[in-house]
Amino acid sequence: MQFMLLFSRQGKLRLQKWYVPQADKEKKKITRELVQTVLARKPKMCSFLEWRDLKVVYKRYASLYFCCAIEDQDNELITLEIIHRYVELLDKYFGSVCELDIIFNFEKAYFILDEFLLGGEAQETSKKNVLKAIEQADLLQENLDFQIRLFPAPS
Amino acid sequence: MPAVSKGDGMRGLAVFISDIRNCKSKEAEIKRINKELANIRSKFKGDKALDGYSKKKYVCKLLFIFLLGHDIDFGHMEAVNLLSSNKYTEKQIGYLFISVLVNSNSELIRLINNAIKNDLSSRNPTFMCLALHCIANVGSREMAEAFAGEIPRILVAGDTMDSVKQSAALCLLRLYKASPDLVLMGEWTSRVVHLLNDQHMGVVTAAISLITCLSSKNPDEFKTCVSLAVSRLSRIVSSASTDLQDYTYYFVPAPWLSCKLLRLLQCYPPPEDGAVKGRLVECLETILNKAQEPPKSKKVQHSNAKNAILFEAISLIIHYDSEPNLLVRACNQLGQFLQHRETNLRYLALESMCTLASSEFSHEAVKTHIETVINALKTERDVSVRQRAADLLYAMCDRSNAKQIVAEMLSYLETADYSIREEMVLKVAILAEKYAVDYSWYVDTILNLIRIAGDYVSEEVWYRVIQIVINRDDVQGYAAKTVFEALQAPACHENMVKVGGYILGEFGNLIAGDPRSSPLVQFNLLHSKFHLCSVPTRALLLSAYIKFINLFPETKATIQEVLRSDSQIRNSDVELQQRAVEYLKLSSIASTDVLATVLEEMPPFPERESSILAKLKKKKGPGAVSVELEDGKERGELNGGADRGGEAAIAASNASTPSPSSDLLGLRSAAPVGGPAPSAGSLLVDVFSEAGPAASSTRVNDDGFLSSAPPSAASEDPAPPLPESDELLNKFVCKNNGVLFENQLLQIGIKSEYRQNLGRMYLFYGNKTSVQFVSFTTTVSCPGELQSQLNVQTKPVEPLVEGGAQVQQVINIECLTDFVDAPLLNIKFRYGGALQNITLKLPVTINKFFQPTEMAAADFFQRWKQLSQPQQEAQKIFKASHGMDTEVLKAKLLGLGTALLENVDPNPENYVCAGVIQTKIQQVGCLLRLEPNAQAQPGEQMYRLTLRSSKDTVSQRVCDLLAEQF
């Protein structure tokens, strides 16, 4: 996968994750073009489209569009389910996730994504395992002092 | 500082985000952000040391602002500090900031790498994962240098936690993709391959992406993975849906891993070991069988996951292309999907069937679905699905169904979406030629193409129809009759006029017996279109007229009358005028015999292969082809077809550059591509232009002008512009003279001068070697819309450049209207037998046409205010790349071509300039303001550059050009 974008129906970008290096200017250009293209599509249209030399896979959940750009040899349907699994993860973590959760806790959305996908590939597809990792991190946050004693800072 | 309970979110951040959301306008948002930025900056710069929590909060706010699309130029140091915090959340935010806002500042990278190193050796799995995520997210070369050696060790070590292994595998993958030379698997290879056997499904899932990538690059070293992958796949495929617990997704066992296993196997040929192969075939059959079973769930996730595996299995079957039984089953399965109610499945089935069509085992099976596919082309509501249907029709076309498919595509073209018309035109043209049994059908098809979608018919297509008509005498009479009829239409496309003019000029005599198409009728018909045509077409028509004089002496008086008229003989266009004068003279002084010789019918074009097609053939498989093509447009399939067909030279040249050396007509002249530029050879399909570049001026006297051009170095397509050509161009924005380019062989110097909207450039080509350059040709071309914006004329150079010698070339430039791109200069020559092919950007930029304008402060501000609409202004804020030396700045601004206005800006640090850009059609007034923050520390010095002009494109372009200069 080359990148993933989350944007609202109004075209506001909510999350961006780039798995191949791009200049900031290029990122903005890609985002603008792609948001326009996807928003212009009608609801019943297929979830895949060719864009530049990439394949774009997108799906709308409530007010948010999830949009991935994959390479020629990548599998469209499984990418669609990557999106769905990510939505499930967000949903489970936030409890009935909505766009506002992602706006106000954007850093969490990034952390969850990093546990699930790394370098554009699936790192862990088990919902339980991903959430366990995130919950552990949250726990670490609660038990700071304990943590510090357990893992002294490297000298 | 408010007391914040541990584990609580950052309240300040939430408040800030709400504020932003409550902003009613973009301006209000920017105001709020600037306020926040100022606040954060003062906190970071303040004397009081910030505690970790505050630092985290501010860094997080900066991140939020960046993600809103604003530039962030500070805070990196604070983020780096967070990395070494003991508090997990602070560390985490630090890493997130670094991952999103990578800064190539080497000092910082060292610090970041240090922090990562500490976390990697901390033996705390959570910290290790964070560090690995950061490396995977940034993936820079510096990080590869620092960690590519360490990560494989972590990946295969016995005591590494599973979650760390997963991160390490994908981290390594990212580094390998970015810097393959730094990631050496060597001794680790076998242990990495054996991760496919790992008990933990998550580890296998992560590791297989790495293994697939490594295998595709080093198949031999990793080939033991095949049998491991097959047995893993077999275990998954045969497992019950509950066996794999949380790795079962909507009743489908491990869909991601299954797809990846099938994908990995596509890096290899079918297994040689009979047992392994048997097991794999069994898996594939099971997957195909499961597709026929009733679904275990009605959820779309279930069917998607199941079908994802099915499509991947079909890809593998197609990749092997050796099991007829499986191929036919795959084809039947896809056939079912063609009529599925899910649009997604129809789309994928069409796509996948396209590759099946090229297998000899399944080609016939694919063809049985032709009616369904035609129906899809007509009725699908989604253009991307229709596009797939068109691709499939193209792929399944052969002699038996060509007429039907071409007819369907033609009728679809009438209503096709603009986005796919051009491609459809090419496909129809290729199929029509490839499967033409009788050429009258071919001629009809191409003329229909021009009628239906004339705008999308590229030169190559209509060149090709002329070529074929000239080479086949059985179709010439028919072609003449057909174009004659087509030209009767009151409004016909200019391309039709071109084809018509050319064909009637050659073969009009074949239909002249019919009084309805007598010579004069033909001439009047053509001439009735003349005034509506562009210069190149008119030039072609003039050549057709002189051919008429030879074919039909009775038209001579009429045509001479036309040529003699002021609108021809005094035409402001040099090329047209020259043709009128020369043809008139030729027709009056040459004897009938001479005329007959000079204006003889064109000899057949040599049936030769286009250079691009040859390239295509070297590369096997349609997949490899698209890379070769210039404009990345979806033309892979086209050439896939050409690859199979062989004779479809048209396919290749269609995919080639739009340059005039798309020499389908055998016109190999090294002519400039100046579009309407009246220089020699720009009118490619001129009956005369077989001659070389000098033809224009010497045509009448040149004995050899009807002979074929000598083979030259120019037969090769121009190379794409050098990567550094933009940089070289930028060097000349503020100066007119200097060395444009230099390598070991060649030096190119430039001197140029501009006045009003005109410019003259002298290019000096110096041969730095002691050996002569042979077939030295240079071509200046104006790509795309530049053609209509700049008029560039060149004089050809001598084809021999002796060792140590320098040759000079003059280029005349006329700016018609404002423009963005630069003309391309292509240089080709042979040095010791090897062809050198260099393309540069000619440093002609819009600012060259500036006339400086002096004005007083009051005038300046009044005009500045007048130009206050947002689109009239372009602004850039950028870091200073050089020092802020006043004299240097002034020299550059003067070099830009504007007047530097003193005592205008109230702030003496600022610079303001004014000038008028002169183009043929208009003048564009332009004001400029450059604000340096000279007081800032070196390294933090910035400029704000503002341009205002009456034309948005001008403001933007001048702003872009100038921003590169400081």
Side-chain angles (χ1 to χ4, degrees), chain A residues 13 15-17 19-21 24 28 41-42 44-50 52-53 72-78 80-82 84-85 103-107 110-111 114-115 117-129 133 136-138 140-144 147-148 150-154, chain B residues 6-7 9 14 17 21 60 63-64 67 69 84 86-89 92-93 96 118 121-122 124 126-127 133 136-137 139 163 166-167 170-171 173-174 178 201-202 205-206 209 246-247 249 255-257 259 263 301 304-305 307-308 311-312 343-344 346-348 381-382 384-385 387 626 632 634:
Chain A
L13 191 58
L15 180 141
Q16 46 176 321
K17 190 78 190 178
Y19 295 113
V20 290
D24 283 347
K28 282 185 185 166
R41 289 175 64 85
K42 299 194 184 74
K44 283 280 166 195
M45 288 188 163
C46 89
S47 310
F48 319 125
L49 53 116
E50 290 199 335
R52 298 198 187 172
D53 54 346
D72 193 44
Q73 71 276 9
D74 292 337
N75 188 311
E76 291 97 335
L77 282 174
I78 208 75
L80 211 48
E81 294 319 300
I82 290 253
H84 187 75
R85 171 103 312 169
I103 296 174
F104 280 94
N105 304 283
F106 66 96
E107 78 283 11
Y110 278 97
F111 297 148
D114 270 356
E115 289 294 338
L117 296 181
L118 195 58
E121 301 285 345
Q123 172 173 226
E124 177 55 87
T125 60
S126 151
K127 194 155 67 176
K128 267 188 209 147
N129 289 354
Q136 262 173 9
D138 282 350
L140 277 181
Q141 191 169 332
E142 312 244 343
N143 303 312
L144 282 177
Q147 277 306 320
I148 291 164
L150 241 186
F151 303 107
Chain B
K6 287 163 191 160
I17 295 177
R21 285 179 52 74
C60 216
L63 190 55
F64 181 77
L67 292 170
S84 38
N86 285 322
K87 302 201 178 173
Y88 179 75
T89 50
Q92 199 183 20
I93 295 291
L96 181 59
N118 286 335
S121 51
S122 71
N124 172 339
T126 324
F127 287 6
H133 291 178
N137 281 326
S163 62
Q166 286 166 275
S167 298
L170 292 174
C171 187
L173 171 63
R174 175 73 196 262
M201 292 285 274
T205 307
S209 295
D246 209 33
Y247 289 91
Y249 180 83
W256 284 280
L257 183 52
C259 284
R263 171 90 199 91
Q301 284 76 25
N304 277 353
N307 291 328
F311 276 106
E312 207 59 67
T343 314
N344 287 346
R346 295 198 302 276
Y347 176 96
L348 294 175
R381 298 226 298 264
D382 183 346
S384 36
V385 187
Q387 163 110 51
S626 53
E634 203 332 20

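Computed from a prediction, not measured in an experiment: that's the story for all the values here. Keep in mind that the numbers below use all heavy atoms, side chains included, and drop hydrogens, waters and symmetry copies. Throughout, protein chains are lettered first and strands after them, A, B, ... in sequence-line order, and every chain is numbered starting at 1.
Note: B:Leu348 leads B:Leu348, B:Leu173, B:Thr126, B:Thr205 in heavy-atom pairs under 4.5 Å with chain A. Counting heavy-atom pairs closer than 4.5 Å to chain B, the top-ranked of the candidates A:Lys42, A:Arg85, A:Lys17, A:Gln16 is A:Arg85. Comparing B:Arg263, B:Met201, B:Arg381 by how many heavy-atom pairs each has under 4.5 Å with chain A, the most go to B:Arg263.
With a threshold of 4.5 angstrom between heavy atoms, A:Phe48 approaches chain B through its backbone and through its side chain. Heavy atoms of B:Arg346 lying under 4.5 Å from chain A are absent altogether. Looking at A:Ile82, both its backbone and its side chain come within 4.5 Å of chain B, counting heavy atoms on both sides. Of the atoms belonging to A:Leu118, heavy atoms from both backbone and side chain fall under 4.5 Å from chain B. Proximity to chain B (any heavy atom under 4.5 Å) is restricted, for A:Glu76, to the side chain, taken from C-beta onward. Within the 4.5 angstrom heavy-atom criterion, atoms from both the backbone and the side chain of A:Lys127 approach chain B. Only the side chain of A:Phe106 has a heavy atom closer than 4.5 Å to any heavy atom of chain B. Only the side chain of A:Asp24 comes within contact range of chain B, with at least one heavy atom under 4.5 Å from a heavy atom of that chain. Of the two parts of A:Leu15, neither the backbone nor the side chain holds a non-hydrogen atom closer than 4.5 Å to a non-hydrogen atom of chain B.
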Mind running side chain to side chain donor-acceptor pair (under 3.5 Å) on B:Ser167 and A:Gln123 for me, showing each step along the way? CA-CA 7 Å; B:Ser167 298; A:Gln123 172 173 226; 2.6 Å; yes
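B:Tyr249 and A:His84 have perpendicular rings, their planes meeting at more than 60° on a 0 to 90° scale where under 30° would count as parallel.
Taking all atoms of both residues into account, the shortest heavy-atom contact from B:Tyr347 to A:Cys46 is CD1-SG, 3.6 Å. Scanning all heavy atoms of the two residues, the minimum distance from A:Ser126 to B:Tyr247 falls at CB-CZ, 3.6 Å. When all heavy atoms of B:Ser384 and A:Arg41 are compared, the pair lying nearest together is OG-NH2, 3.3 Å. The two residues B:Ala305 and A:Glu81 make their nearest non-hydrogen contact at N-CG, 4.3 Å.
Two residues are said to be in side-chain contact when any heavy atoms from C-beta on lie closer than 4.5 Å; B:Leu67 and A:Tyr110 meet this criterion.
For the atom pair OG (B:Ser163) and CD (A:Gln136), the distance works out to 7.5 Å, reported to the nearest 0.5 Å. Rounding to the nearest 0.5 Å places CG of A:Asn75 at 10.0 Å from CG of B:Asn307. For the atom pair CG (B:Asn344) and CG (A:Leu77), the distance works out to 6.5 Å, reported to the nearest 0.5 Å. Note: A:Leu49 CG to B:Asp382 CG = 8.5 Å, rounded to the nearest 0.5 Å. One distance of note links CH2 of B:Trp256 with CD of A:Glu121; it measures 13.5 Å at 0.5 Å rounding.
When each of B:Leu96, B:Thr89, B:Leu63 is paired with A:Glu107, the side chain to side chain contact (heavy atoms under 4.5 Å, CB included) condition holds for B:Leu96 and for no other.
The neighbour count for A:Lys128 NZ, taken as heavy atoms of other residues, nucleotides or ligands under 6.0 Å away, does not exceed 12.
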